[in-house]
Amino acid sequence: MTPTVIVYVALVALLVVGSVLVGLQGGVLLDQAGLLNIFTRATALGLVAIGQTIVILTGSLDLSVAYLVGLTSLVAAETMAGQSGMIVPGVLLALAVAAVVGLVNGLVITVLKANAFIATLGVALILRGYLEQNYTGPAGDVPRTFQHLGYDRVGPVPVAALLMLGVAGACWWLLSRSRPGYHIYAVGGDVEVARLSGVHTRRTIVTAHVLCSVAAGMAGIYLASRLGSGAPYVGTDAGFDLESIAAVVLGGTLLAGGRGGIVGTIGGVFILATLDTVFDDLAVDPFFKDVVRGVVLITAVALYARGMVRRPR
């Protein structure tokens with residue numbers, strides 16, 4: 001089986017096992033409230049993980065996304081200042097700030113030749129310093145009309161989750177049906193071969209980082225709509241930097257780049273969201289939650305690695 005098939009088989013198995021365990025405690029996992037909880041948890045993480053998938057496919061990564069989520073939530077909320085007429089400017093400014101951060105990440109990696117881990121960690125520390133210096137708590141005010149984005153739903157499915165899936169579909173098309181997508185896979189497969197084949201490798205890596213940061217900015221805007229204000233540490237408290245990488249890896253994308261995709265990542269996101277929902281329903285100890293998450297991640301990587309070894313070259 002391919003990694004994408006494996007992740008969705010695992011998701012179905014988790015839903016079945018989780019339903020049984022929650023049922024034994026007298027609850028229901030897949031009722032309307034349970035599904036709403038899963039989709040809500042998956043929305044912000046899904047947006048960040050979609051962007052993370054794009055940069056990882058180039059052989060890079062981004063550790064600044066967690067702080068960027070907090071920053072963009074503040075930019076959006078403070079620009080809106082409770083006024084409905086400022087919703088569009090707030091959203092556009094937040095996305096523009098995110099794009100600039102992504103551009104900086106990409107240029108540091110491609111022009112200064114810095115390792116992606118160090119480069120994006122350095123940008124993350126800069127963002128953290130700015131947030132710590134200027135904010136002690138929530139700030140800004142999101143107008144009530146914009147909060148519909150965070151709370152409206154179609155049946156058990158939040159509207160924001162549908163938008164996240166729409167972003168996933170657009171990125172899937174970009175990666176699998178467009179020239180820039182082919183270039184992303186080529187750079188992740190072998191950057192030197194891609195360069196010799198005529199691919200603008202620097203431009204591709206910078207573009208991937210800009211898209212990743214914009215996706216994180218979307219998550220920040222969404223969280224501002226749910227919280228009613230910006231929150232400096234909403235991204236770091238949720239651990240979106242490592243959580244997004246975990247979702248990408250669970251989805252079968254290689255950290256070395258060149259293989260994987262958005263479809264698998266969405267499966268990984270829903271596995272993590274379902275695990276959190278089951279753990280909350282069972283009132284599981286937070287330490288045990290992390291242990292199980294670690295075991296799941298290691299098992300997934302081991303299964304994918306064995307599949308690659310057995311696959312004929």
Side-chain angles (χ1 to χ4, degrees), residues 2-8 10-11 41-66 68-69 98-99 101-102 105-106 109 116-117 119-120 161 163-189 191 194 201 204-220 222 235 238-273 296-297 300-301 304 308:
T2 66
T4 301
V5 173
I6 291 174
V7 72
Y8 282 96
L11 176 59
R41 290 176 183 273
T43 300
L45 176 58
L47 288 168
V48 179
I50 288 166
Q52 196 75 259
T53 302
I54 296 173
V55 291
I56 288 178
L57 283 172
T58 66
S60 186
L61 54 75
D62 191 343
L63 295 179
S64 67
V65 289
L68 182 56
V69 168
V101 172
N105 279 330
I109 292 168
F117 181 94
T120 58
L163 293 176
M164 181 271 290
L165 293 175
V167 172
C171 290
W172 170 85
W173 181 89
L174 171 71
L175 291 172
S176 61
R177 297 290 186 271
S178 71
R179 185 181 297 274
Y182 299 149
H183 290 175
I184 285 172
Y185 279 102
V187 170
V191 64
T201 55
T204 299
I205 294 172
V206 171
T207 300
H209 275 280
V210 170
L211 292 174
C212 178
S213 293
V214 169
M218 291 180 183
Y222 160 69
F240 282 142
D241 44 6
L242 299 182
E243 287 276 298
S244 61
I245 295 173
V248 173
V249 172
L250 280 175
T253 297
L254 296 184
L255 281 175
R259 183 178 299 177
I262 298 295
V263 176
T265 293
I266 296 301
V269 166
F270 276 99
I271 285 178
L272 294 177
V296 169
L297 186 59
V301 172
Y304 297 153
M308 288 178 60

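Owing to the predicted nature of the structure, the values given are computational and were not obtained by experimental measurement.
Smallest separation of non-hydrogen atoms from I50 and C171: CG2-SG, 3.6 Å. Between V7 and G267, the closest heavy-atom pair is CG2-C, 3.8 Å. Nearest heavy-atom pair, A98 versus G217, reported as atom, atom and distance to 0.1 Å: CB-CA, 4.0 Å. When every heavy atom of G258 is checked against every heavy atom of Y185, the shortest pair comes out as O-CD2, 3.4 Å. What you find for V48 and A219 is that their closest heavy atoms are CG2-CB, 3.7 Å.
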Going through the checks in order, is the side chain to side chain contact (heavy atoms under 4.5 Å, CB included) test met by T120 and V65? CA-CA 9 Å; T120 58; V65 289; over 6 Å; no
Go through the steps to decide whether M218 and V167 satisfy the test side chain to side chain contact (heavy atoms under 4.5 Å, CB included), and finish with yes or no. CA-CA 10 Å; M218 291 180 183; V167 172; 4.1 Å; yes
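Contact of the L250 side chain with the F270 side chain is not registered, since no non-hydrogen atoms from C-beta on lie closer than 4.5 Å. Two residues are said to be in side-chain contact when any heavy atoms from C-beta on lie closer than 4.5 Å; L255 and I245 meet this criterion.
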For a quick test of your reading: what N or O donor-acceptor pairs under 3.5 Å do the side chains of residues 52-63 make, sequence neighbours left out?
from, atom 1, to, atom 2, distance (Å)
Q52, OE1, D62, N, 2.9
Q52, NE2, D62, O, 3.0
Q52, NE2, S244, OG, 2.9
T53, OG1, A49, O, 2.7
T53, OG1, T265, OG1, 2.7
T58, OG1, V55, O, 2.5
S60, OG, H209, NE2, 2.7
D62, OD1, S64, N, 2.8
D62, OD1, S64, OG, 2.6

Please set out all donor-acceptor pairs under 3.5 angstrom arising from side-chain atoms of residues 172-180, sequence neighbours excluded.
from, atom 1, to, atom 2, distance (Å)
S176, OG, W172, O, 2.7
S178, OG, L174, O, 2.3
S178, OG, G181, N, 3.3

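Atom-to-atom distance recorded for N105:CG and I205:CD1 is 12.5 Å, nearest 0.5 angstrom. Between atom CG of residue L297 and atom CD1 of residue I271 there is a gap of 10.5 Å, rounded to the nearest 0.5 Å.
Residue pairs meeting the salt bridge (Lys or Arg N to Asp or Glu O under 4.0 Å) criterion with at least one partner in residues 238-253, sequence neighbours excluded, are E243-R293.
Checked by atom type and distance alone, the side chain of Y8 pairs as donor or acceptor with a backbone atom of V263 at under 3.5 Å. Counting only distance, with no hydrogens or angles, the side chain of S213 and the backbone of V101 share no donor-acceptor pair below 3.5 Å. No donor-acceptor pair under 3.5 Å is formed between the side chain of Y222 and the backbone N or O of M164.
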